[in-house]
**Q** 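Structure incoming, see below.
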Amino acid sequence: MEARLRLLVVVVAALCAAVASAASNSSVVGYHGDPTFNVRNYGAKGNGQTDDSRALMTAWKAACAATGAVTLVLPPGTYYIGPVQFHGPCSKATTMTFLMQGTLKAATDLKRFGNDWVEFGWVNHLIVSGQNGAAFDGQGAASWPFNKCPIRKDCKVLPTSVLFVNNNNMVVQNVASVNSKFFHMALLQCSGAKISGVRISAPESSPNTDGIHIERSNGVSIADTTIATGDDCISIGQGNDNIDVARVHCGPGHGMSVGSLGRYVGEGDVTRIHVRDMTFHGTMNGVRIKTWENSPTKSNAAHMLFENLVMNDVQNPIIIDQKYCPYYNCEHKFVSGVTIKDVQFKNIKGTATTQVAVLLKCGVPCQGVVLQDVDLRYKGKGVSSSKCENVRAKYAGFQNPKPCP
């Protein structure tokens, strides 16, 4: 696998003929006969000023048409680009590797963008891999003042830095995302995705800069990743199944969220979520399930396990909020249409900066909520407490704060 994830240099004389043949296509052949493409051969400058958008998409098109375990290399440098689409299907490729050894730097003119900046779509066995501190630099600071979504429902959504859409059996590893305009990374309708070794950062004040957002996907794992941003470190939206999150450090940010759910017509169920071995530092929330009231469609959020979590100075370590609304004026006419059931919180320890360390605020009565071995100490004067609405949780093992009556 490592041979597929770096630019291969031909050193065996027997391969010279193959290299000469491939040269006309601006590619070289690796040790195993697998084609490698270099974006510099397609006109990319990598000087941080020249717009390399067209060169990168031209290089991708050539690589996507190749046969075998294909690698497209982004050598060291800074590649200034506007919105780009790296689309499949790459039907002849057994794997399609986008190997980043440099930085992709986003344009700042919002007029150039639609919903996203870098889009990988409709590719089977896609590998996005980084070396040498490779990064997606969204240059979001110039755009954040134009983001009105925290205060207006009818806001214009800014572009997500990296969107993965309709990819199957995908790997994303060892890359960074800094200062996204909106979400850093988003997965939409992906099946089988492994994300690891990712580093995400943006200022705590940056609006809607969710680290990794997942929607209508299944079989997704996120591991060994560090996220410091201005919104949710990870947000699991509607229509997801079988999501595993492990060994992620979150903070600053808004924590690890399932939701928000129940806002739009036709939302799917969220099922089989496993979050484990996470550390939260100075976040607004720890683990949170959030659903809107007045849901136009009924759905379920079920079969979730949050375990082995450490909270360091977290405002709301454990929270279920079925009256979620981030705006100043919110109507509370109807209960949420999302039914929450079979949710377990196990071995969660640390410190809370607000006195209510466990908040279970359900609309439709939550079913099968279990808290086991919870130890959350209040950092101020007094002791931590629990608050519950429309839920009869079950408790096991040590409990601090005390259970709801």
Side-chain angles (χ1 to χ4, degrees), residues 232-236 245 248-262 270 273-293 301-326 332 335-336 338-405:
D232 293 332
C233 290
I234 298 172
S235 54
I236 299 174
V245 178
V248 173
H249 179 85
C250 172
H254 291 185
M256 161 80 226
S257 288
V258 177
S260 59
L261 306 176
V270 176
I273 308 299
H274 190 189
V275 178
R276 54 197 169 91
D277 305 312
M278 278 189 70
T279 301
F280 300 82
H281 188 83
T283 54
M284 179 181 293
N285 306 291
V287 286
R288 173 173 58 159
I289 303 171
K290 53 180 178 177
T291 75
W292 291 78
E293 295 179 297
H303 314 308
M304 303 184 196
L305 173 58
F306 304 92
E307 63 176 341
N308 304 330
L309 310 179
V310 176
M311 308 285 173
N312 294 319
D313 299 345
V314 173
Q315 290 183 38
N316 308 294
I318 297 174
I319 178 170
I320 295 176
D321 183 5
Q322 291 213 269
K323 296 182 179 180
Y324 174 75
C325 179
H332 299 288
V335 297
S336 176
V338 181
T339 298
I340 295 174
K341 52 188 175 182
D342 185 19
V343 178
Q344 301 179 62
F345 302 97
K346 292 185 176 181
N347 191 30
I348 301 178
K349 300 177 180 180
T351 54
T353 59
T354 61
Q355 199 154 8
V356 180
V358 176
L359 175 60
L360 308 177
K361 185 165 59 175
C362 297
V364 176
C366 296
Q367 306 168 22
V369 175
V370 177
L371 289 91
Q372 178 178 331
D373 296 321
V374 173
D375 185 7
L376 296 168
R377 292 168 284 111
Y378 176 45
K379 285 280 295 228
K381 294 181 179 180
V383 297
S384 57
S385 62
S386 301
K387 184 177 180 181
C388 304
E389 296 179 18
N390 293 319
V391 58
R392 288 189 174 276
K394 296 181 179 179
Y395 298 88
F398 184 81
Q399 296 293 325
N400 178 36
K402 294 181 179 179
C404 290

**Q** Report yes if some heavy atom in the side chain of Met278 is under 4.5 Å from a heavy atom in the side chain of Phe306; otherwise report no.
**A**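 No; the side chains remain at least 4.5 Å from each other.
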
**Q** Could I get the full list of side chain to side chain contact (heavy atoms under 4.5 Å, CB included) partners for Pro252, not counting sequence neighbours?
**A** Glu204, Ala228

**Q** Hey, could you give me the CG/NE2 distance between Asn285 and His254, rounded to the nearest 0.5 Å?
**A** 7.5 Å

**Q** Of all residues at least two apart in sequence or in a different chain, which pass the side chain to side chain donor-acceptor pair (under 3.5 Å) check with Thr283?
**A** none

**Q** If every non-hydrogen atom of Leu261 is compared with every non-hydrogen atom of Ala301, which pair is closest and at what distance?
**A**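 In terms of heavy atoms, the two residues are closest at CD1-CB, 4.0 Å.
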
**Q** Can you run down the side chain to side chain donor-acceptor pair (under 3.5 Å) pairs that involve residues 365-375, sequence neighbours left out, and say none if there aren't any?
**A**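 Non-adjacent pairs meeting side chain to side chain donor-acceptor pair (under 3.5 Å): Asp375-Asn400.
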
**Q** Are any of the side-chain heavy atoms of Val383 and Tyr378 separated by less than 4.5 Å?
**A** no

**Q** For a quick check under 3.5 Å, do Gln315 and Thr353 share a side-chain donor-acceptor pair by atom type?
**A**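 No, because no side-chain N or O of Gln315 sits under 3.5 Å from a partner of the opposite role on Thr353.
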
**Q** What distance do Gln355 atom CD and Ser384 atom OG have between them, rounded to the nearest 0.5 Å?
**A**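 So the gap between those two atoms works out to 8.0 Å.
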
**Q** Could I get the full list of side chain to side chain donor-acceptor pair (under 3.5 Å) partners for Ser260, not counting sequence neighbours?
**A** Trp292

**Q** Going by salt bridge (charged side-chain N to carboxylate O under 4.0 Å, His left out), name the pairs with one or both residues in residues 304-315, residues two or more places apart or in two chains.
**A**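 Output for this query lists Asp313-Lys379.
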
**Q** Would you please test Ile320 and Ile340 for side-chain contact (heavy atoms from CB on, under 4.5 Å) and show each step?
**A** CA-CA 9 Å; Ile320 295 176; Ile340 295 174; 3.6 Å; yes

**Q** Counting N and O atoms only, with roles assigned by atom type, does the side chain of Asn316 sit under 3.5 Å from a partner on the main chain of Met284, one being a donor and the other an acceptor?
**A** yes

**Q** Under 4.5 Å between any side-chain heavy atoms of Met256 and Ile236, yes or no?
**A** yes

**Q** Side chains of residues 342-350: which donor-acceptor partners sit under 3.5 Å, not counting sequence neighbours?
**A**
| from | atom 1 | to | atom 2 | distance (Å) |
| --- | --- | --- | --- | --- |
| Asp342 | OD2 | His303 | ND1 | 2.8 |
| Gln344 | OE1 | Lys346 | NZ | 3.2 |
| Asn347 | OD1 | Lys349 | NZ | 3.4 |
| Asn347 | ND2 | Asn308 | OD1 | 2.8 |

**Q** Check side chain to side chain contact (heavy atoms under 4.5 Å, CB included) between Ser235 and all other residues, then give those that pass, not counting sequence neighbours.
**A** Asp210, His213, Asp232

**Q** With sequence neighbours excluded, tell me which residues meet side chain to side chain contact (heavy atoms under 4.5 Å, CB included) with Val335.
**A** Val364

**Q** Do you know which two heavy atoms are closest between Cys250 and Gly255, and how far apart they sit?
**A**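 Result for this residue pair: SG-CA, 3.8 Å.
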
**Q** Which atom pair, heavy atoms only, marks the closest approach of Ala393 to Leu371?
**A**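 In this case the closest contact between Ala393 and Leu371 is CB-CD1, 3.9 Å.
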
**Q** Under 2.5 Å between the SG atoms of Cys404 and Cys388: is that the case?
**A**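 Disulfide present: SG-SG distance under 2.5 Å.
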
**Q** Mind checking what makes side chain to side chain contact (heavy atoms under 4.5 Å, CB included) contact with Lys361, not counting sequence neighbours?
**A**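 Per chain and number, Lys361 pairs via side chain to side chain contact (heavy atoms under 4.5 Å, CB included) with Asp321, Lys323, Leu359, Glu389.
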
**Q** Between Val391 and Cys362, what is the shortest heavy-atom contact and its length?
**A** CB-SG, 3.8 Å

**Q** Got more than 12 heavy atoms from elsewhere within 6.0 Å of NE2, His281?
**A** no

**Q** May I have the step-by-step check of side-chain contact (heavy atoms from CB on, under 4.5 Å) for Tyr324 and Thr291, ending in yes or no?
**A** CA-CA 6 Å; Tyr324 174 75; Thr291 75; 6.0 Å; no

**Q** If you measure from CD1 on Ile318 to CG on Leu360, what distance do you get to the nearest 0.5 Å?
**A**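 Here the rounded value is 8.0 Å.
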
**Q** Tell me if a side-chain donor or acceptor on Gln322 pairs with a main-chain N or O of Val338 at a distance below 3.5 Å.
**A** yes

**Q** For residues 393-405, pull every pair meeting salt bridge (charged side-chain N to carboxylate O under 4.0 Å, His left out), keeping only residues two or more places apart or in separate chains.
**A** none

